[in-house]
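Please read the structure below before turning to the comments.
Atoms within a ligand are numbered from 1 in the order they appear, just like the ligands themselves.
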Amino acid sequence: MTETAPLAALTPADLATLAGIELGDARKLVSSYHRTGGLPRIAPAGVRRVALERARAVTHTPALTVESRAASALDPFVKYAFAAPDGARFEAVRIPLERAGRYSVCVSSQVGCALACTFCATGRMGLARNLEPWEIVEQIRAVRAELPAPGRVHGVVFQGMGEPLANLAAVVQAARVLSEPSALAIDGRAVTVCTSGLPTGIRALARELPAARLGWSVGSALEQTRASLMPIERAHPLREVLAAMGEHAALTRQSPMWAYTMLAGVNDGDDHALALARLAHAFADTYGRRPRVSLVAYNSIGPGDPYDRSSPERESRFRDVLSAEGVAAIRRYSGGSDVAAACGQLAAG
Ligand code: SF4
């Protein structure tokens, strides 16, 4: 039996090549799939019957099951738990954007994660497997299908379960489909890929998806503290990550976003703020782009939680120290903490 490809993972150009059909036909069939979740029974207007038959012969349409939806009572976030046909479970979060009717979807790229950051619930699970491109695309389709009218998915952020740069080929293919006008039509510049800091992946991302934005989880600007929070620091120390981010910035002409999860008594002291400011200046001086720094409040990751959230006073003092050093930082609102949908909390059981 010849292997067929999941249609959700194909751009029109991929489908045209695979099925040996014209690009115009492929576009209409891909568009039909993204509207309905399947291929039409009879060829729609303007599509040759033979093109539909060929497309059907080389593709299949696997589906994710939505196992649960948890809507936050605190804010309009919704956490989705999905099951793949093999039983693998993972999560995505619908995030309302400031402009009414616009949403972003925070998607998973792996089932679990091998990188074991100590402040992250997913990091406690270990890695079960990579997600396939279609499994990434389908998370967004499933969230989109339930948006209140006239809502639309404006952006996608790879910050759910998993390290996206450890599954780069699937992330790149999914992002290509997402930004296809006949598929999900999400602007490539509204796709953000967040990493714990894998230098080879950062460089490859710049080449493969130059429009996508790069986010980096800092952990700490002090190497020792970073190593205690993020084991990856031992394999790829700060200076290596910065060099890769610098190359990314030069190639894409974009500033990276630095996300700093604040942990009480661990990385929220004045010395940490000064180190972060120095690192941001060093990056800007060396690579000509100022990183956009955002401070993320810590959310509990469950039993045996080793950390506490920084107090509002500490957080504000941290920002003041940054600001006195000439570094503006925004506070990223991470919602849905009552349904464990907030940053660092995703861990499908
Ligand atoms: S923060 Fe990201 S890279 Fe670190 S363990 Fe969690 S999912 Fe993996």
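Of the possible polar contacts, none joining the D268 side chain to the F318 backbone as a donor-acceptor pair under 3.5 Å is found.
Shortest contact from atom 4 (Fe) of ligand 1 to any protein heavy atom: C117 SG, 2.3 Å. Looking only at heavy atoms of the protein, atom 6 (Fe) of ligand 1 is closest to C120 SG, 2.3 Å. For atom 8 (Fe) of ligand 1, the nearest protein heavy atom (residue, atom name, distance) is C113 SG, 2.3 Å.
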Under the criterion side-chain hydrogen bond (donor to acceptor under 3.5 Å, both in side chains), I'd like the reasoning laid out for E163 against T195: C-alpha separation, chi angles, the key distance, then a yes or no.
CA-CA 6 Å; E163 163 56 65; T195 180; 2.9 Å; yes

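Contacts between C194 and ligand 1, counted as non-hydrogen atom pairs separated by less than 4.0 Å, are absent for every part of the residue.
Near A116, with a cut-off below 4.0 Å to any heavy atom, the atoms of ligand 1 are 5 (S).
Atoms CZ and SG, on R124 and C117 in that order, are 13.0 Å from each other to the nearest 0.5 Å.
Taking a cutoff of 4.0 Å between a charged side-chain nitrogen and a carboxylate oxygen, D25 and R49 do not qualify as a salt bridge.
For atom 2 (Fe) of ligand 1, the choice among G123, G162, S217 with the nearest heavy atom turns out to be G162.
The aromatic rings of F283 and Y287 are tilted relative to each other, their planes meeting at an angle between 30° and 60°.
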